[in-house]
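In what follows, chains carry the letters A, B, and so on, assigned in the order in which the sequence lines appear, proteins first and then strands, with residues in each chain numbered from 1.
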Amino acid sequence: MFRLLVLLALTLVWPSAALAARNEAPRKQVVVASTTQIADFARQVAGDRLTVSSILAPGADPHTYQPTPDDVQIVLGADLCLENGLHLEGKNWMAALARDAGKKLVTVTRGLPPLAIRSSGQSVPDPHAWFSLTNAAIYVNNIILALERLDPSGAPGFRDRGRLYLQQLRVLDAWIREQVNRIPPERRILVTTHDAFNYFCREYRFNPENDYLSIAPVGWSTGSEVGAGMTPERHRQVVDSIRRARAQAIFVETTINPKQIREIARETGVKIGGELYSDSMGTAGSAAETYIGMMRENVLLIVQALQPRP
Amino acid sequence: MRFALVAAIWLILVGGLFLYTYQRERRLPPQMEAVVSKDAPGEAFTLEITPSFATAADPFALKEDPAAGATIVVRTGGRELYRSDKPQQAGVTVTVHPVAGLVAGRNEIYLRVVPPLAAPLDHAVRVRLLQGGRVLLDETLWGEKGANVAGSIPFTLSETEDAGHEHY
């Protein structure tokens, strides 16, 4: 009788365990990006097939960020790391994290023609390449390739999502051109806190007197790299540029202390046009929580501040 | 009496169903129907594509796609019929001859033509299908400024004794 009961129990338990094991979802592979923008691109391509996160939280500054022990743990759990490169990540903190964890790292700006900025007698590549939509397409193409290598069986889905997203970027580009066209060329002067908008100015024809590059008191990086930070000479050049070009407004940024730009606004008598998303997207639930949302909100703010009053 | 009642109910139900399907089909976009001349059944088809704009490669193409650098892509029956990687001037007609893959019955031509990024106006592509010099199909696809002109043109090819009769 006892043997019968044991046999009965086994016949009930064993198939349940097998069923439970079969039904248990396979672990999703993990992709960790340095910035929120790269994470958004990856998410648009990966869909629900992979888990995507970023080291930086919205509003964090990639130039001066210092990784924490939590970041080390996050990267240890990753299957693939993505970085911007071009020294956006100050002192290459993302590369260091990936190297120390023994994880594969892909630089998503690979193959992109960077803008060279001359600063302190040296030429440095501007890392803020995502502000040109055609460059954003390069980011997305590189991410698609990286995800395909990580998860070959997911490749058809990555490509299909990628195709759709790339065309969304194309539509966004056309929309931005249409919006910017509402600002007469003589008013198309963009002054921001740091030199993050060179690609944007070059693409959409802002600041013609400055060779279609951004006007900013702080250099391309808020950190300590060559050409970074603010100097008295830069301050003076920016004030002179604003006065000469008769800028209508200047803009603060979400990732940077607005103190310096507010001083310049007081000095020149120019209004603050609003707060732009530069090195980071907005928080979850905000209008700028995606790359497309970030670009859209930035452009709407710029156009609203610079277009002529009716 | 009972038989008459049953017949009446049957007529109402079937008649109502017929009216419903008739109304629904009337609301569907009409399938273009091109009548192919029986006099020249072996004559190959010709496709003419005329963009109103200068074409360019698409920087937002998926680089892995074989047609990533294409300025014009034409597909039918799931197969690529024509591709050009060269920019074309506005108003220049591209001729594809012969057009392989068309069958009697339902067909569909898919087209994608890429304008330059900063194209300032909405733009269009005229598509014509000919056989023996006779126009079987004449359709225009539109795109908003900056966007690709892309779309499918469904049509039906059917044979008839009356060679001059066309329906669209």
Asp48(A) atom CG, neighbour heavy-atom count above 12 within 6.0 Å: no
CD (Glu108(B)) with more than 12 external heavy atoms under 6.0 Å: yes
Nearest-0.5 Å distance, CZ of residue Arg159(A) to CG of residue Leu62(B): 7.5 Å
Thr134(A) side, atom OG1; Asp58(B) side, atom CG - distance, nearest 0.5 Å: 11.0 Å
Arg170(A), part contacting chain B, at a heavy-atom distance under 4.5 Å: both
Phe158(A): ring pair (Phe, Tyr, Trp, His ring centres under 6.0 Å) partners, not counting sequence neighbours: none
Contacting region of Asp65(B) [heavy-atom separation from chain A under 4.5 Å]: side chain
Selection from Lys63(B), Glu64(B), Lys145(B) maximising heavy-atom pairs under 4.5 Å formed with chain A: Glu64(B)
Smallest separation among heavy atoms of Ala137(A) and Pro59(B), with atom names: CB-O, 3.5 Å
Heavy-atom neighbours of Gln307(A) CD exceed 12 at 6.0 Å: yes
Heavy-atom check, side chain of Phe60(B) versus side chain of Asp173(A), under 4.5 Å: yes
Residue list, side-chain hydrogen bond (donor to acceptor under 3.5 Å, both in side chains) with Asp160(A), at least two apart or on another chain: Arg163(A)
Proximity breakdown for Ile138(A) and chain B, heavy-atom pairs closer than 4.5 Å: neither
